[in-house]
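Only this structure's heavy atoms are used, side chains among them; waters, hydrogens and symmetry mates stay out. Just so it is clear, the model here is predicted, and its values are computed rather than measured.
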Amino acid sequence: MATTFLDLTTAWQQISTTATAVQITSGTILVQVQTASPASNDTRGHVFFNGDLPGVSWEAATAGEKLYARAREGVATLALTPDIG
């Protein structure tokens, strides 16, 4: 997987099912690890902002887990790269 750039709105979006390094290039995001998409009105999650560098690495701990993210407000931009570390 090459580096992927992704713009997020305030709607939850599945961003990965495999080991991934996530770098926030602008804005603030909420992140959840779930087997199913969070409810549209769910405001819980880990908060990361573009000062959290070099990024956050994630890998599914159990089968079926997926990484979901949304902008905390407005729009946020992410860079996703394969987690090879």
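- Between A71 and A76, the closest heavy-atom pair is CB-N, 3.7 Å.
- Applying the side-chain contact (heavy atoms from CB on, under 4.5 Å) criterion to T9, with sequence neighbours excluded, gives A11.
- Remark: T77 pairs with D7, S26 by the side-chain hydrogen bond (donor to acceptor under 3.5 Å, both in side chains) rule, at least two apart or across chains.
- Side-chain contact check for I15 versus L78: some heavy-atom pair is nearer than 4.5 Å.
- Residues V75 and T10 form no side-chain contact, since every pair of their non-hydrogen atoms from C-beta on lies 4.5 Å or further apart.
- Nearest heavy-atom pair, G45 versus Q32, reported as atom, atom and distance to 0.1 Å: CA-CG, 4.0 Å.
- Side chain of K66 to backbone of Q14: no donor-acceptor contact under 3.5 angstrom is found.
- Rounded to the nearest 0.5 Å, atoms CZ (F5) and CD (Q23) are 8.5 Å apart.
- Residues V31 and F48 have side chains in contact (heavy-atom distance under 4.5 Å, counting atoms from C-beta outward).
- Under the salt bridge (Lys or Arg N to Asp or Glu O under 4.0 Å) criterion, D42 pairs with R44, sequence neighbours left out.
- Atom NE2 of H46 and atom CD1 of I29 lie 11.0 Å apart (nearest 0.5 Å).
- Looking at T43 and R70, their side chains come closer than 4.5 Å, going by heavy atoms from C-beta outward.
- The CG atom of N50 sits 6.5 Å away from the OG1 atom of T28 when rounded to the nearest 0.5 Å.
- Other cluster members for W12: L30, V47, Y68, joined by side-chain heavy-atom distances under 4.5 Å among Ile, Leu, Val, Met, Phe, Trp and Tyr.
- Contact record, T18 with S16: O-OG, 2.7 Å, taken as the closest heavy-atom pair.
- Considering only residues two or more places apart in sequence or on other chains, S40 meets the side-chain hydrogen bond (donor to acceptor under 3.5 Å, both in side chains) condition with none of them.
- Listed by chain and number, the residues in a side-chain hydrogen bond (donor to acceptor under 3.5 Å, both in side chains) with E73 amount to none (sequence neighbours excluded).
- When atom types are taken as modelled, the side chain of T20 and the backbone of V22 share no donor-acceptor pair closer than 3.5 angstrom.
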